[in-house]
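Reviewing the structure listed below.
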Amino acid sequence: MTDRVYIEDVFQHKIPDGSDVILRGWLYNKRSSGKLLFLLVRDGTAVIQATVYKPGVSAEIFETADKLTQEASLTVIGKIKKDERAPGGYELQVTDVKLIGQSVDFPITPKEHGPEFLMDYRHLWLRSKNQHAILRVRHTIIKAIRDFFDGRGFTLVDTPIFTPAACEGTSTLFETDYFDTKAFLTQSGQLYAEAGALALGKVYCFGPTFRAEKSKTRRHLTEFWMVEPEVAFNELKENMELAEDFIEYIVQTVLRTRVEELKTLGRDTTKLQNVRAPFPKIHYDEAVKILEDAGLKFEYGNDFGSPDETAISEKFDRPVIVHHYPSAIKAFYMKRDPNEPDKALAMDVLAPEGYGEIIGGSQREDNYDMLVSRIKEHNLPMEAFDWYLDLRKYGSVPHSGFGLGVERTVAWICGLQHVRETIPFARMIHRLKP
RNA sequence: UGCUCAGUAGCUCAAUGGCAGAGCAUUCGGCUGUUAACCGAAGGGUUGUAGGUUCGAGCCCUACCUGAGCAGCCA
């Protein structure tokens, strides 16, 4: 009896040495030594070396194996053997090979390629080892996000992608035609999550968000995934504590379960080991002092630029939380500190190693009249926010939340230079295909 | 949108203003232990586009196109 097995199970010693097995997959690479062929076969779980010895198989089978090309799909039948010479310590001694689908001139060779070429062939690039590792880490991060909130009694509240108006009024939105009226693709589910929090207490939304800014940097996508928890009765302090516990949980889960993938990516994990709560929490004024001490040109009252964030995060061995930003540079819905009326009860989490802002959050304005004047100050259309204002009319409470960018988090944990590799099919200003 | 850089074989890159090149990939040949295998041979080019300078332009000049990095915006 010959069973179909996954390669991963072979390396995890789940298949007894000497077993006859069937593997189904694709040809990753091939080497030949005359009468001996080395087929590197991948099936999505791992890559195994399969050997075809000419005198050991029929001429027809040997020729089939000899003519296989990169990424041809195939079925191989053979015997699993322990062998020190094989990568991973196991190989398959082939008795039969069947070609399923041929692959002529596969564009991505095992040599170097530039990012533009690889992004053009993103649908095929996903078949390579590093991309497997990244996507598996992404999967684990997303699962950790959900496990964290689910384990704390949060309810997932899905928020709409079509929205009637800007959430924050600052960013540029993608506009679409919606039955002869305008609709915009959401840039945040937060306002709806607030409604959810006042209904269910602890909620989070998790979905794609869209920003039409013409950003061309390694940190920006036009379509990215964001998770946004929102908690009734939480104030700034509890919000920051939730954020640090959350990030600790994500990072430690990846470190525990994705050791191999991080090794494949060449990620030095020593700095990730430090990611334990509590994180350092500094007031905006302290952050400004760090910049002044570092000799950077910075005007008090401004938001931090990318080089500023890097300079601040370099002072710490784990993510740092900056709070009490000037309210003038923050969104209309952020509550001001009664003791410091020019500052918002806002907080950003800056990742180490120059990865920048991965979380932005705040305590929300919960007073009806204050919120009305904020909307006026920001020149936002009052009628678009009538339902949002209702939340302050009927049993308003202090509440807080934040948003975490999934792709920036993946880039940081994987140690990648660019967020374009952290999502299967990136959408950027110059990239709508594939 | 601004600044900087780049565009040459399928890919990654060379080529002082003077014959268009290499490695990999592909095809053919060789090899029973390869590890991005190796050895030998062959095919493969409107040098991003348009114009200009020059006896002569891949190289210099102008415009445009495409992309990358940085900045702003933000997660």
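Quick note on labels: first sequence line is chain A, next is B, and so on, each numbered from 1. This structure is a prediction, so every number in the text was calculated from the model and none was measured.
- For A:Lys216, counting side-chain heavy atoms from C-beta on, the closest listed nucleotide (B:A36, B:C73, B:G2) is B:G2.
- A close approach under 4.0 Å does occur between a side-chain nitrogen or oxygen of A:Ser306 and OP1 or OP2 of B:A71.
- Across all strands shown, A:Leu221 has heavy atoms under 4.0 Å from base atoms, whether or not it also approaches the sugar-phosphate.
- Residue contacts for A:Thr109: at a heavy-atom cut-off of 4.0 Å it reaches the sugar-phosphate backbone alone, with no base atom in range.
- As judged by a 4.0 angstrom heavy-atom cut-off over every strand, A:Gln49 is placed among the base-contacting residues.
- Contact detail for A:Gly356 and A:Glu309: the closest heavy-atom pair is CA-OE1, 3.4 Å.
- For B:A14 and B:C55, the C1' atoms lie 27 Å apart once the distance is rounded to whole Å.
- Between the P atoms of B:A15 and B:A71, the separation comes to 30 Å (whole Å).
- Contact annotation for A:Leu404: no contact, since no heavy-atom pair falls under 4.0 Å across all strands.
- Across B:A20 and B:U46, the matching P atoms stand 14 Å from one another, rounded to whole Å.
- Rounded to whole angstrom, the span from the CD atom of A:Glu116 across to the P atom of B:G67 amounts to 7 Å.
- Remark: A:His113 is not in phosphate contact with B:C11, judged by side-chain N or O atoms under 4.0 Å from OP1 or OP2.
- Partner assigned to B:G10 is B:C24, using Watson-Crick or G-U wobble distances below 3.5 angstrom.
- For the pairing with A:Lys30, the side chain to side chain contact (heavy atoms under 4.5 Å, CB included) check across A:Leu39, A:Leu40, A:Val52 returns one residue only, A:Leu39.
- Atom C1' of B:G23 sits at a distance of 12 Å from the matching atom of B:A9, rounded to the whole Å.
- Here the separation of B:C3 from B:G18, taken at their P atoms, is 32 Å to the nearest Å.
- With a cut-off of 3.5 Å on both pairing distances, the Watson-Crick or G-U wobble partner of B:C38 is B:G30.
- Classified by interplanar angle (parallel below 30°, tilted 30° to 60°, perpendicular above 60°), the ring pair A:Tyr388/A:Phe332 is perpendicular.
- Residue A:Arg218 has no polar side-chain atom (N or O) positioned under 4.0 Å from OP1 or OP2 of B:G69.
- Aromatic ring orientation, A:Tyr90 versus A:Phe11: perpendicular (interplanar angle above 60°, classes split at 30° and 60°).
- Nucleotides B:C61 and B:U54, compared at atom C1', are 12 Å apart to the nearest Å.
- Counting non-hydrogen atoms under 4.0 angstrom, A:Gly114 reaches the backbone sugars and phosphates but no base.
- For B:A50, the paired base is B:U62 (Watson-Crick or G-U wobble, both distances below 3.5 Å).
- The base-pairing partner of B:C3, taking Watson-Crick or G-U wobble contacts with both distances under 3.5 Å, is B:G69.
- Salt bridge status for A:Glu244 with A:Lys281: present, with a side-chain N to carboxylate O gap under 4.0 Å.
- OP1 or OP2 of B:G69 lies within a sub-4.0 Å distance of a side-chain N or O belonging to A:His418.
- Across all strands shown, nothing is found opposite B:C74 as a Watson-Crick or G-U wobble partner with both distances under 3.5 Å.
- At the heavy-atom level, A:Pro107 lies nowhere under 4.0 Å from the strands shown.
- A side-chain donor-acceptor contact under 3.5 Å links A:Ser58 to the backbone of A:Ile61.
- The aromatic rings of A:Tyr249 and A:Phe148 are tilted relative to each other, their planes meeting at an angle between 30° and 60°.
- B:A75 has its base stacked against the ring of A:Phe224, the centroids being under 5.5 angstrom apart at an interplanar angle below 30°.
- B:G17 and B:U53: their C1' atoms are spaced 12 Å apart (whole Å).
- Checking the phosphate oxygens (OP1, OP2) of B:G67, no side-chain nitrogen or oxygen of A:Arg420 falls inside 4.0 Å.
- Between B:C39 and B:C24, the distance separating the two C1' atoms is 16 Å to the nearest Å.
- The CD1 atom of A:Ile329 sits 13 Å away from the C1' atom of B:C73 (whole-angstrom rounding).
- A:Glu91 comes within 4.0 angstrom of a nucleotide base, judged by non-hydrogen atoms across all strands.
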